[in-house]
Student: 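Please find one structure pasted underneath; my questions will follow.
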Number of protein chains: 2
Amino acid sequence: MVKTAKHNRQEVIQKATDLFWEKGFHATSMRNLQDFVDMRPGSIYASFGSKEGLFKEVLKCYANASAARLEACIEASSSPLEALRTFFNLAVIDCREPSSGGMCMLVKTISELTDENADLQIEAKQLLGIVEDGFAVLLDQASACGELDSSKDPRRLARFLQMQLMGIRAYALANDETEQVNELIEDVFSSLR
Amino acid sequence: MVKTAKHNRQEVIQKATDLFWEKGFHATSMRNLQDFVDMRPGSIYASFGSKEGLFKEVLKCYANASAARLEACIEASSSPLEALRTFFNLAVIDCREPSSGGMCMLVKTISELTDENADLQIEAKQLLGIVEDGFAVLLDQASACGELDSSKDPRRLARFLQMQLMGIRAYALANDETEQVNELIEDVFSSLR
DNA sequence: GATAAAATTGAGCGATCGTTCAAATTGAGT
DNA sequence: ACTCAATTTGAACGATCGCTCAATTTTATC
């Protein structure tokens with residue numbers, strides 16, 4: 001027998017992601033969430049325990065989706081660097097669709113939260129590390145197949161790329177000129193060579 | 001006759017900056033501010049009109065201070081690129097002192113706020129533009145005095161640098177390894193040549 | 001020192017916050 | 001159909017939100 005619960009957990013998390021991503025943790029009220037996912041407070045608290053609990057679950061799903069997208073870029077591309085390039089383009093496009101909040105949700109979370117909610121901060125930092133690890137693996141491959149100057153340290157390059165992606169998505173928030181943002185991606189990847 | 005008001009306006013704004021920068025707009029309550037600047041609500045509202053009004057004034061002062069710091073870096077340096085390098089180092093150090101919020105306050109603001117508070121968003125975007133203009137002027141000089149390959153477009157390079165600075169400060173939030181952050185600055189400036 | 005203007009105070013407004021829980025509803029096993 | 005556990009509901013809790021304003025204190029002028 002299939003799941004018959006009125007609210008599919010993944011759908012709820014997805015909707016909560018949309019809202020949290022756009023408005024941030026503090027500016028999203030439980031009443032906003034109740035309306036948006038069409039659940040009453042008791043149900044939400046029975047499922048997720050607290051606003052923080054729901055948010056933490058949202059962060060995990062978001063990071064999983066990011067890792068999955070990077071994987072998809074790899075399979076759709078013929079080389080490691082091309083995969084990274086595709087991933088960057090996707091991230092910036094996602095950044096621009098009005099439904100999303102713009103920046104990487106993990107960065108936005110780290111930026112917003114303080115020592116209150118320390119556990120959420122730590123969670124977000126760890127999840128960012130996972131994505132960076134994915135970059136490092138790809139850059140290792142790029143180095144191995146000669147697509148990248150093998151004298152460069154892949155781990156350091158991964159940090160460099162992670163930083164640049166954060167920068168581009170932040171910059172895109174403040175500057176609506178799509179062409180200029182695309183030039184930034186261009187500049188990043190030409191600086192790799 | 002000198003100003004004898006109990007609360008110097010600039011001091012109040014500076015304290016408010018510290019609090020807003022660290023906690024963000026939404027997470028900073030008026031009661032937090034009342035305690036921190038030691039003023040009662042009536043006084044604050046008489047001076048600044050609203051929480052938004054105070055925040056907008058804080059943003060302006062923050063941007064002015066940034067521009068002034070860039071100017072100071074220019075005077076303390078012997079070349080345009082060296083001035084930029086000093087400015088980057090300063091920004092990242094400021095980023096790391098625990099009193100401040102870490103990221104550039106303007107980026108953090110744009111990241112946090114939504115269409116509610118649209119005027120604050122617009123304000124922050126414009127102020128960011130001013131800093132970028134400062135970069136462009138410096139890069140123009142660097143190009144003129146041969147410190148920079150004159151085939152490169154200074155405006156585009158200014159956007160590139162602005163993006164990188166955003167990226168580094170965001171990255172520094174998620175990664176506490178000072179050495180790795182310094183390597184990032186290294187990488188950015190070596191990619192300019 | 002009397003007086004008027006300016007600045008500051010703090011109790012408290014209505015609204016909203018995250019959260020709880022007794023009651024109502026639903027779904028599976030018999 | 002009946003039962004019982006699981007799920008969902010929504011009114012309501014105390015706390016806190018941004019903010020107001022009559023009352024008080026401070027300051028400037030004479």
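Throughout, protein chains are lettered first and strands after them, A, B, ... in sequence-line order, and every chain is numbered starting at 1.
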Student: Using the side-chain heavy atoms of Ser29(A), tell me which of these nucleotides is nearest: dA11(C), dG18(C), dT8(D).
Tutor: dG18(C)
Student: What is the distance, rounded to the nearest whole Å, between atom CZ of Arg40(B) and atom C1' of dT24(D)?
Tutor: 14 Å
Student: From CG of Leu54(B) over to P of dC19(D), roughly how many Å is that when rounded to an integer?
Tutor: 10 Å
Student: Quick one: His26(A) NE2 to dG18(D) P, roughly how many Å, whole number?
Tutor: 12 Å
Student: Can you measure from CZ (Phe20(B)) to NE2 (His26(B)) and round to the nearest 0.5 angstrom?
Tutor: 10.5 Å
Student: Taking CG from Asn8(A) and P from dT7(D), how many angstroms apart are they, rounded to a whole number?
Tutor: 14 Å
Student: Aromatic contact between Phe87(A) and Phe135(A), with the criterion being ring centroids under 6.0 Å apart: yes or no?
Tutor: yes
Student: Would you indicate what Glu52(B) reaches in the nucleic acid, counting non-hydrogen atoms under 4.0 angstrom: base, sugar-phosphate, or nothing?
Tutor: nothing
Student: When you match Ser43(A) and Asn32(A) each to their closest nucleotide on DNA chain C, which lands nearer the 5' end?
Tutor: Asn32(A)
Student: When the nearest nucleotide of DNA chain C is assigned to Gly42(B) and to Gly42(A) on a heavy-atom basis, which residue is associated with the more 5' position?
Tutor: Gly42(B)
Student: Is there, by distance only and without an angle test, a donor paired with an acceptor across the side chain of Arg31(B) and the base of dG12(C) below 3.5 Å?
Tutor: yes
Student: Can you tell me the distance, in whole Å, between the CZ atom of Phe48(A) and the P atom of dT19(C)?
Tutor: 14 Å
Student: Rounded to the Å, how far apart are Gln34(B) CD and dA11(C) P?
Tutor: 12 Å
Student: Ignoring hydrogens and geometry beyond distance, is a side-chain donor-acceptor pair present between Ser29(A) and Asn32(A) at under 3.5 Å?
Tutor: yes
Student: Among the nucleotides dT20(C), dG18(C), dG18(D), which one has an atom lying closest to any side-chain atom of Tyr45(B)?
Tutor: dG18(D)
Student: If you look at every strand shown and take non-hydrogen atoms under 4.0 Å, does Ser47(B) touch a base, only sugar-phosphate, or nothing?
Tutor: nothing
Student: Rounded to the nearest angstrom, tell me the gap between atom NZ in Lys23(A) and atom C1' in dC17(C).
Tutor: 13 Å
Student: For Met30(B) and dT16(C), give me the distance from atom CE to atom P, rounded to whole Å.
Tutor: 18 Å
Student: Are side-chain N/O atoms of Gln14(A) and Asp18(A) paired as donor and acceptor at under 3.5 Å?
Tutor: yes
Student: Tell me which nucleotide among dT8(D), dC19(D), dT19(C) gets nearest to the side chain of Ala46(A).
Tutor: dT8(D)
Student: Of the nucleotides dT19(C), dC19(D), dT9(C), which one has an atom closest to the side chain of Lys51(A)?
Tutor: dT19(C)
Student: For the CG atom on Asp119(A), are there more than 12 heavy atoms of other groups (residues, nucleotides or ligands in this structure) within a distance under 6.0 Å?
Tutor: yes
